[in-house]
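Since the structure comes first, as structure tokens, the remarks are kept for the end.
Lettering follows sequence order; numbering is per chain, from 1. Quantities reported herein were computed from a predicted structural model and do not represent experimental measurements.
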Number of protein chains: 2
Amino acid sequence: MNEKMNEHELFRKFLKSEGLRFTPERTIILEEAFSIHEHFEAEDLLFSIRQHGHRVSKATVYRTLALLVQCGLLREVIFGERHSHYEHVFGHKHHDHLICLKCGKIIEFSDETIERLQKSVCGQYRFEPVRHRLEIMGTCEDCARHRTQSKT
Amino acid sequence: MNEKMNEHELFRKFLKSEGLRFTPERTIILEEAFSIHEHFEAEDLLFSIRQHGHRVSKATVYRTLALLVQCGLLREVIFGERHSHYEHVFGHKHHDHLICLKCGKIIEFSDETIERLQKSVCGQYRFEPVRHRLEIMGTCEDCARHRTQSKT
DNA sequence: TTTTTTGCAAATGGTTTGCATCCTT
DNA sequence: AAGGATGCAAACCATTTGCAAAAAA
């Protein structure tokens with residue numbers, strides 16, 4: 001059974017095409033990044049790396065995250081905060097986010113309509129879309145019920 | 001001819017309702033913020049204030065911007081950078097943005113479809129929407145033509 | 001007179017960078 | 001070998017904050 005290309009191969013291919021090297025640190029970071037299945041921040045990733053007994057500097061984590069975004073394995077999501085959040089692109093279909101203003105919960109959803117919308121709007125402006133980001137902020141079901149929740 | 005409420009009155013009303021004071025510094029900041037008709041950053045605003053011969057500290061600019069957002073006169077827009085951009089809400093209808101990845105140009109557009117989309121998606125998740133943000137990143141008409149443009 | 005505001009300068013905190021050393025290729 | 005990569009600590013930089021002085025209510 002011939003497996004489809006995995007994130008290691010993709011990353012390796014990308015690095016080679018850019019004349020960059022595949023180092024143990026980059027491998028560790030890649031693996032840890034793909035073992036986290038929610039949104040994460042650089043700091044979370046570093047923590048997780050250390051938890052698993054690995055040792056990589058913060059600088060290298062930042063440098064490698066940038067590469068992973070650049071090659072399309074991760075995507076940067078900014079939820080109105082000053083620091084970046086990341087999520088997997090590889091192996092996931094495109095989705096957008098509902099963000100609860102009360103508790104900070106993030107719900108992912110996919111909808112075809114937005115793809116069509118993108119096409120029609122861009123047509124009007126002769127704009128060539130590459131990607132989009134839609135965030136809907138509001139109150140989630142739980143917080144609407146217990147009116148007194150505060151941010152985690 | 002009875003003018004509709006302007007931004008001064010709105011701000012004043014908001015301040016009063018919060019037990020806050022209407023100071024000359026806040027007036028200056030409000031006026032300057034509303035005399036800039038594009039997206040601006042805190043630094044731009046401060047610059048513009050000084051250009052017009054006024055003197056307000058950076059700290060006060062930041063503190064007042066937060067109030068203007070809080071009362072709904074301004075909205076914070078983050079274009080994937082580490083610092084905030086602001087735009088008028090008062091006197092403008094809701095719109096979203098096309099962002100050119102090549103030259104950084106920002107085109108505003110409005111579309112009804114997204115309002116309907118918001119309603120339908122939120123219904124599914126019993127999520128109560130308050131506001132949304134849609135950004136479509138891609139290549140603008142100009143940059144698609146001259147293939148060699150670089151960021152401003 | 002009481003409470004907010006302001007300005008200043010120092011602190012914050014996520015991210016980036018310079019540089020000497022280390023390690024892939 | 002030779003040039004990219006790493007780790008460290010220092011630098012960045014937008015934003016925030018503590019505090020004493022100034023000013024609204």
Give a yes/no answer on whether the side chain of B/Y62 brings an N or O atom under 4.0 Å of OP1 or OP2 in D/dT16. no
Using a cut-off of less than 4.0 Å, is there contact between a side-chain N or O of B/S84 and OP1 or OP2 of D/dA14? no
Determine: side-chain N/O of B/R21 to OP1/OP2 of D/dA23, distance under 4.0 Å, yes or no. no
Starting at CG of B/D44 and ending at C1' of D/dA14, how long is that distance when rounded to a whole Å? 13 Å
Nearest-nucleotide comparison on DNA chain C, the residue closer to the 5′ end among B/R55 and B/G19: B/G19
Please pick, from C/dT24, D/dG7, C/dT4, the nucleotide with the shortest atom-to-atom distance to any side-chain atom of B/L20. C/dT4
Nearest-nucleotide check on DNA chain C, A/E43 vs A/A59; residue mapping nearer the 5' end is A/E43
Heavy atoms only, 4.0 Å cut-off, all strands: where does A/R63 land among base, sugar-phosphate and nothing? base
Would one find a side-chain N or O of A/R26 under 4.0 angstrom from OP1 or OP2 of C/dT24? no
Compare all side-chain heavy atoms of B/I136 with those of B/D96 and state whether any distance is below 4.5 angstrom. no
With the side chain defined as heavy atoms from C-beta on, A/E25 is closest, among D/dA24, D/dG7, C/dT15, to D/dG7
Has A/T60 got a side-chain N or O lying under 4.0 Å from the OP1 or OP2 atom of D/dG7? yes
With rounding to the nearest 0.5 Å, note down the distance linking CD in B/Q118 to CE in A/M137. 8.5 Å
Judged by modelled atom types alone, do B/E31 and B/H8 share a side-chain donor-acceptor pair under 3.5 Å? yes
Here's a test of your reading of the structure: between B/F22 and B/Y86, which maps to the more 5' nucleotide of DNA chain D? B/Y86
What integer distance in Å separates B/L15:CG from C/dT3:C1'? 15 Å
Which distance, rounded to the nearest 0.5 Å, do you find between the CD1 of B/I36 and the OG of B/S48? 4.5 Å
Measuring to OP1 and OP2 of D/dT6, would you say a side-chain N or O of A/T23 lies under 4.0 angstrom away? yes
